[in-house]
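Following: one structure in structure tokens, then a few remarks.
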Amino acid sequence: MNQKHQQTPTPDIPMLAGCRRVPALGFGTAADPPVEPEIVRSAVVEAIEVGYRHFDTAALYNSEEALGEAIIEAINGGFVESREQLFITSKLWCSDAHPQHVLPALNKTLRNLKMDYIDLYLIHWPVSSKPGIHEYPIKKEDFLPMDFKSVWAAMEECYKLGLTKSIGVSNFSCKNLADVLATAKIPPAVNQVEVNPCWQQQKLREFCKRNGVLVVGYSSLGSIGTFYGTNRVMESEVLREIAKARGKTVAQVALRWGYEQGIGVVVKSYNKERMKQNLEIFDWSLSDDECRKISEITQSRACLGKDYTSPYGPYKTMEELWDEEL
């Protein structure tokens with residue numbers, strides 16, 4: 001076995017509702033366009049080698065198997081001592097967001113990952129779709145409203161069985177969260193949503209904080225290069241000026257901003273040098289003036305914008321939905 005890699009672990013953010021502590025910076029495995037499993041496997045091994053400990057996947061991403069294989073390889077290679085040193089998040093897809101399908105879906109995820117449990121299981125979107133049809137985007141005729149009470153009760157059962165150490169939601173608005181909280185015996189630990197300097201989600205973050213729900217931000221750099229992403233973060237003049245003045249990359253400034261908001265941050269790069277750079281955000285801080293400038297950046301969605309075909313289908317964009325609910 002190789003000598004164990006000595007890497008300073010990333011800082012932790014305390015989590016609520018029985019959830020173990022989650023590393024502040026997570027590594028995403030969603031790829032658009034899709035990539036070969038071998039690319040995901042190799043990238044995850046490198047990410048563990050350089051210090052990442054939180055890995056984000058989902059049934060929809062088709063990356064669970066590659067992630068599981070990479071973790072086994074990393075343990076065998078001595079880059080991490082055991083699976084217990086890692087924090088693994090996965091998500092329930094819409095077609096399984098029915099009370100009778102939640103547990104089987106999680107068991108399938110566990111088989112894919114070759115694990116006995118995951119650390120965090122999220123409802124991917126606040127919507128259900130016709131069972132047995134695993135596709136994206138969802139066709140209009142397959143769209144179904146979610147029974148929040150019964151689906152969340154099934155998520156709670158997964159927690160009670162020890163198959164996931166914590167449960168949460170993703171892409172939930174204030175109203176969606178309120179619906180879940182109204183009947184939940186175990187409140188959501190996390191709401192994973194798009195958050196970055198160009199879509200700061202102040203109202204939603206405040207709502208989550210009041211209710212003890214940790215926000216974890218995805219598309220932290222705008223998901224540039226994807227069909228739903230934007231270059232507004234990486235090409236922001238405000239972020240570029242701060243980065244230049246501080247001798248940092250734009251990505252580091254954006255990620256540091258997220259960390260200073262007290263949220264978890266998920267970022268993806270398959271380039272090893274950028275993986276390392278993205279971790280180098282914990283030994284410096286933004287000034288008050290820099291934070292003020294970032295707070296004044298014009299806000300607009302990327303992943304949930306007008307050109308984005310949401311899982312709700314092309315007949316209603318997620319922006320229209322969120323505008324109704326917020």
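Because the structure is a prediction, the values reported are computed rather than measured.
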* Under the 3.5 angstrom rule, does the side chain of S129 hit a backbone N or O of D142 as a donor-acceptor pair? -> no
* Taking N176 for the side chain and S173 for the main chain, is one N or O donor matched with an acceptor at less than 3.5 Å? -> yes
* Would you mind checking if E156 and K160 are paired as a salt bridge, meaning a charged N to carboxylate O distance below 4.0 Å? => no
* Asked: Is a donor on one side and an acceptor on the other found under 3.5 Å between the side chain of S220 and the backbone of V266?
  -> yes
* Is there a donor-acceptor contact under 3.5 Å from the side chain of N196 to the main chain of C198? -> yes
* To do: For the pair D96 and K91, find out whether any cationic side-chain nitrogen is under 4.0 Å from an anionic carboxylate oxygen.
  => no
* To do: Could you tell me whether K272 and E49 have a side-chain N and a carboxylate O separated by less than 4.0 Å?
  => yes
* To do: Tell me whether the guanidinium CZ or amine NZ of K203 lies under 6.0 angstrom from the six-membered ring centre of F207 and within 45° of its axis.
  => no
* To do: Look at atom CG of D289 and say whether more than 12 heavy atoms of other residues, nucleotides or ligands are closer to it than 6.0 Å.
  => yes
* Fit a plane to each ring of F148 and F172, take the angle between them on a 0 to 90° scale, and name the class: parallel (under 30°), tilted (30 to 60°) or perpendicular (over 60°). => perpendicular
* Asked: So if you build clusters from Ile, Leu, Val, Met, Phe, Trp, Tyr with side-chain heavy-atom gaps below 4.5 Å, do Y270 and V44 land together?
  -> yes
* Asked: Is there a donor-acceptor pair under 3.5 Å between the side chain of R53 and the backbone N or O of I48?
  -> yes
* Asked: Where the side chain of S236 meets the backbone of L239, is there a donor-acceptor pair that is under 3.5 Å apart?
  -> yes
* Asked: Is there a donor-acceptor pair under 3.5 Å between the side chain of Q261 and the backbone N or O of W257?
  -> yes
* Asked: Without hydrogens or angle criteria, can the side chains of Q277 and R274 be said to hold a donor-acceptor pair below 3.5 Å?
  -> no
* **Lys/Arg cation over aromatic F87: R21, 6.0 Å, 45° cone** => no
* **With sequence neighbours excluded, residues passing ring-ring contact (aromatic ring centres under 6.0 Å, His included) with F27** => Y52, F55
* **Check: G262 main-chain N/O paired with R205 side-chain donor or acceptor under 3.5 Å** => no
* Asked: Quick check: does any side chain N or O of E194 sit under 3.5 Å from a backbone N or O of Q200, one acting as donor and the other as acceptor?
  -> no
* Which residues satisfy the ring-ring contact (aromatic ring centres under 6.0 Å, His included) test with Y61, sequence neighbours excluded? -> H124
* Near E296 CD, under 6.0 Å, is it more than 12 heavy atoms from other residues, nucleotides or ligands? -> yes
Would you list the atom pairs, donor with acceptor, under 3.5 Å between side chains in residues 279-287 and any protein atom, with sequence neighbours excluded?
from	atom 1	to	atom 2	distance (Å)
W284	NE1	E280	O	3.1
S287	OG	E290	N	3.1
S287	OG	E290	OE1	3.3

* To do: Would you check if there is a donor-acceptor pair between the side chains of T109 and E64 at a distance under 3.5 Å?
  => yes
* Ion pair present between E206 and K209, side-chain N to carboxylate O less than 4.0 angstrom? -> no
* To do: Check the surroundings of atom NZ in K114: do more than 12 heavy atoms from other residues, nucleotides or ligands lie under 6.0 Å from it?
  => yes
* Asked: Is there a donor-acceptor pair under 3.5 Å between the side chain of S63 and the backbone N or O of A30?
  -> no
* To do: Would you indicate whether K244, at its atom NZ, is surrounded by more than 12 heavy atoms from other residues, nucleotides or ligands within a distance under 6.0 Å?
  => no
* To do: Apply the side chain to side chain donor-acceptor pair (under 3.5 Å) test between Q192 and each candidate in T89, N171, D56; give the one that qualifies.
  => D56
